[in-house]
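Every chain is numbered from 1, with letters handed out A, B, ... down the list of sequences. Computed from a prediction, not measured in an experiment: that's the story for all the values here. No hydrogens, no waters, no symmetry mates; every other heavy atom, side chains included, goes into these values.
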Protein chains: 2
Amino acid sequence: MADGFAGAPPGFRPLYRQVKALLIQRISDRQWLPGQAIPAEPIIAAELGVSQGTVRKALDEMAAENVLVRRQGRGTYVARHDEARILFQFFKIVPDGGVPVFPDSRLRSVTQGVADAAESRALALAPAAPVIRIARLREIAGVVAISEYLTLPAALFPDFPGEDVPNNLYDFYAARFGITISGGQERVKAVAASSDDAAHLGLVAGAPVLLIDRIAHALDGTRIEWRRSYCSTEACSYVGELK
Amino acid sequence: MADGFAGAPPGFRPLYRQVKALLIQRISDRQWLPGQAIPAEPIIAAELGVSQGTVRKALDEMAAENVLVRRQGRGTYVARHDEARILFQFFKIVPDGGVPVFPDSRLRSVTQGVADAAESRALALAPAAPVIRIARLREIAGVVAISEYLTLPAALFPDFPGEDVPNNLYDFYAARFGITISGGQERVKAVAASSDDAAHLGLVAGAPVLLIDRIAHALDGTRIEWRRSYCSTEACSYVGELK
DNA sequence: TAGTGGTCTAGACCACTTC
DNA sequence: AAGTGGTCTAGACCACTAG
C-alpha cells in the first residue's frame with residue numbers, strides 16, 4: 001500500500017482509509033459497476049498486501065455509507081438505485097396514514113438552455129454553462145402532490161432525451177450516463193403556491209406548500225442535480241429522523 | 001457473559017450486542033451518568049470475561065449512535081446534551097446565510113392538564129393521563145422565528161416548575177429529572193399560520209409556515225415529549241441530509 | 001511517563017448461501 | 001462441501017492526552 005505521505009507527522013491517514021479511497025475510486029471509475037459483486041475480502045487483502053481485517057474495516061465503512069451492500073454467505077455488492085433503496089434513502093415524503101410508495105411521474109417538459117446565476121451557484125458551474133431543465137408532476141396514492149423542477153449540467157448528460165424520461169431518475173442517470181448519485185442536502189421552506197403550481201396540485205393560489213430544495217452529488221462530490229419540489233402536504237409529510 | 005438464550009438456533013445474538021445491551025442498561029439505570037467517563041476497555045473486558053475487541057465493537061456502535069463519545073488518549077464518556085451537540089444533532093432549523101445558532105427562548109406558559117386524544121396517541125399514554133403543556137417562542141438571530149407547543153407526561157416530570165424553564169430543555173430533562181432524550185422522529189408540513197402565531201412571528205394571518213411535529217424518546221424507547229413547532233421560513237430553513 | 005483509544009495483524013470458528 | 005461475510009480472540013504497536 002502506498003502511504004500517501006505528503007507533509008508533517010500531524011497528517012496521519014490510517015491504512016484502511018487508504019484502502020477505502022482506492023476502492024471508491026474503482027467504483028467511481030466504473031471498474032466495478034452497480035449491482036455487481038466485488039472480489040471477496042481475502043482476495044482484495046492479498047492483492048493490496050494488507051490484512052483481511054483492514055479490508056473489512058474499509059468495506060464496513062462503505063456499507064455504512066450505502067455505497068456497498070454486504071450479504072452474509074453471498075458477497076459484497078456495489079449498491080444499486082433500486083426503487084426500494086431510493087424510497088428508503090432519498091425520498092422523505094410519505095403519505096400520512098400509509099406506507100411509503102414510490103411516486104409516479106408525469107413529465108411536463110425537458111428543455112435545454114444556459115445556466116442563470118442561481119443555477120450556476122447551485123451546481124458550481126461556470127456562468128452561462130449549458131444546462132438541461134426538467135419540469136414534472138408526481139403522484140402519491142393517485143393524487144398529484146408534487147410539482148418539481150430540475151436543473152442538470154448538460155455536459156454530464158450528452159444526448160439527454162427530450163421525452164420518455166423515466167420515473168426513476170437516479171436509476172436512469174446510472175444506467176444511461178454512468179452517474180451514481182451518492183448523497184445530497186435538502187433545505188425545506190414553507191411558501192405560497194404559485195397559481196400554476198396550485199392549479200396542478202389542486203390547491204388555491206397562495207396555499208401553503210413545502211418547497212424542498214435539493215442539491216445531489218456523486219461519489220466524488222461533483223454536483224449533479226438541483227431539484228426544487230413544491231409539495232402539497234394535505235395528505236403527506238416530509239419526515240426526518242433524529243438520532 | 002450470559003448467553004441470553006430463549007429458543008431455537010435461528011435466534012442468534014452476537015456477544016458484542018449482549019455487551020452493548022448491558023452497557024446501555026447501565027446508562028439507562030443512571031449507574032453511569034452523562035458527562036462521566038466509563039471504565040477503560042480492558043477493565044470492562046475483564047469484568048465481563050470477553051475480549052477487548054468485543055467490548056470495542058459494542059462501544060463503537062454506541063458511539064456511532066451518539067450514546068457515547070470517545071476521545072483518543074482520554075477515555076470514553078456518556079454523551080451529554082451540550083448546546084453544541086443538540087444544535088448539531090436535534091436542531092435542523094438553520095439561518096439562511098449564516099452559521100447555525102442555538103435559539104433563545106421566551107416562555108409563554110406552563111400548564112398542567114389531562115391528555116386529549118391526540119396527546120395520548122402521540123405519547124402512548126392512557127386516556128386522560130396527566131400532562132404538562134408548555135408554550136414558548138424562539139428567536140433566531142434576534143428575530144422570533146418559531147412558536148412552539150410541547151406536551152410532556154406529567155408522571156415523568158414531578159414538580160415541574162411553572163416558570164423559569166431553561167432554554168435548553170433536553171439538558172434540563174437530564175439534569176433535573178434524569179431523562180436523556182436519545183432520538184425521535186419529525187414530520188414536517190406547510191400550513192397557514194394561525195392569527196395568534198402569525199402575530200408572534202411578525203406575519204400576516206394565513207401566511208405559510210412550517211409545522212414541525214416531533215416525538216422524542218429516551219434510550220429505552222419511552223416517549224418523552226411531543227413538540228409542535230410553527231416556524232417562519234422567511235430567513236431560515238429546515239435542513240435534511242441525504243446519505 | 002503512563003494510560004487511553006485507534007490501528008493492524010493473524011488465526012479460529014460460526015452463520016448463511018449456493019452448488 | 002465449499003465459499004462468503006460475521007464474530008471472537010490475542011497481541012503488537014501507534015497516536016493522543018495528561019500529569
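Side chain to side chain, A:R71 and A:T76 fail the donor-acceptor criterion of an N or O pair below 3.5 Å. Side-chain atoms of A:Y173 and A:E225 form a donor-acceptor pair, as typed in the model, at a separation below 3.5 Å.
Using a 4.0 Å cut-off, some side-chain N or O of B:R70 falls inside it from OP1 or OP2 of C:dG6. Contact between the side-chain N/O atoms of B:R74 and the OP1/OP2 oxygens of D:dA18 is found at a separation under 4.0 Å.
In this structure, the nucleotide among D:dG5, C:dG6, C:dT4 sitting nearest to the side chain of B:D60 is C:dG6.
Computed from coordinates, the A:L59 CG to D:dG5 C1' distance equals 10 Å when rounded to whole Å. When the P atom of C:dT4 is taken as reference, atom OH of B:Y77 falls 11 Å away, rounded to whole Å.
If you check distances only, the side chain of A:R56 does reach the base of D:dG6 with a donor-acceptor pair under 3.5 Å.
Legend: residues meeting side-chain contact (heavy atoms from CB on, under 4.5 Å) with A:S105, ordered by chain and number and at least two apart, are A:R136, A:R138, A:N167. Partners of A:S51 under the side-chain contact (heavy atoms from CB on, under 4.5 Å) rule, at least two apart in sequence or in another chain, are A:T54. Checked against salt bridge (charged side-chain N to carboxylate O under 4.0 Å, His left out), B:E65 has the following partners two or more places apart in sequence or in another chain: B:K20. Among residues two or more places apart in sequence or in another chain, the ring pair (Phe, Tyr, Trp, His ring centres under 6.0 Å) test is passed with B:F177 by B:F157, B:F160, B:F172.
Between its two ends, the helix from C:dT1-D:dA18 to C:dT18-D:dA1 turns its axis by 10°, counting five pairs per end and rounding to 10 degrees.
Geometric assessment of A:R30 against the ring of A:W32 yields a negative cation-pi assignment under the 6.0 Å and 45° thresholds.
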Which nucleotides of nucleotides 8-15 of chain D have their base under 4.0 Å from a protein heavy atom (B), which only their sugar-phosphate (S), and which neither (-), written as one string 5' to 3'? SB-----B

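Using a 4.0 Å cut-off between a side-chain N of Lys or Arg and a carboxylate O of Asp or Glu, A:R187 and B:E241 do not qualify as a salt bridge.
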